[in-house]
Amino acid sequence: MKIQVLGSGCASCKTLHEKVTQIAHRIDPSLDVEYSTDITKIVELGAMSSPVFAIDGKIISAGKSPSDT
């Protein structure tokens, strides 16, 4: 499973990465969450805004941070 958080490096992007990493590690401590500020990767996924949360190349959310509750 490939889990990604992509964004510009802003506070919202970093917060989303932290939330996703915490939740992923609760599910399976060996899961790795990739964090990238490469705009090319965001465009390749087809997202029009950031931060982007994607699993296996499929966008779960873009432009907002989903709730962890």
Side-chain angles (χ1 to χ4, degrees):
M1 178 184 307
K2 183 176 183 178
I3 304 170
Q4 298 172 285
V5 174
L6 304 101
S8 63
C10 67
S12 293
C13 300
K14 291 176 184 177
T15 299
L16 177 60
H17 179 248
E18 290 171 9
K19 286 181 181 180
V20 170
T21 299
Q22 288 172 359
I23 293 167
H25 287 171
R26 281 188 221 151
I27 295 167
D28 182 346
S30 69
L31 288 174
D32 185 42
V33 179
E34 175 188 333
Y35 179 68
S36 176
T37 58
D38 185 350
I39 301 302
T40 305
K41 288 184 179 185
I42 296 170
V43 172
E44 287 173 356
L45 283 175
M48 300 302 285
S49 58
S50 70
V52 178
F53 169 42
I55 298 176
D56 292 334
K58 295 182 183 177
I59 296 173
I60 305 302
S61 72
K64 61 182 179 178
S65 292
S67 173
D68 63 348
T69 57

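Worth saying up front: this structure is predicted, and the values here are computed from it rather than measured.
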Quiz item: About how many Å separate CD1 of Ile42 and CD1 of Ile59, when rounded to the nearest 0.5 Å?
Solution: 9.5 Å
Exercise. Check the hydrophobic clustering (I, L, V, M, F, W, Y; side-chain heavy atoms under 4.5 Å; chains of links allowed) and say if Val20 and Met1 are grouped together.
Key: yes
Self-check item: From CD1 (Ile3) to CD1 (Ile23), nearest 0.5 Å
Solution: 10.0 Å
Practice problem: Quick one: closest heavy-atom pair of Cys13 and Ser8, and the distance? | Solution: SG-N, 3.5 Å
Quiz item: Got a second to check how far Leu6's CG is from His17's NE2, nearest 0.5 Å?
Solution: 10.0 Å
Quiz item: Can you tell me how far the OG1 atom of Thr21 sits from the CG atom of Asp32, to the nearest 0.5 Å?
Solution: 8.0 Å
Exercise. Taking all heavy atoms of Val52 and all of Ala47, pick out the closest pair and write down the distance.
Key: CG2-CB, 3.5 Å
Quiz prompt | Closest heavy-atom pair and its distance - Leu16, Pro51 | solution = CD2-CB, 3.6 Å
Quiz item: Do Leu45 and Lys41 come close enough that some side-chain heavy atom pair is under 4.5 Å?
Solution: no
Self-check item: Ala24 to Val33 - nearest heavy-atom pair and separation
Solution: CB-CG2, 3.9 Å
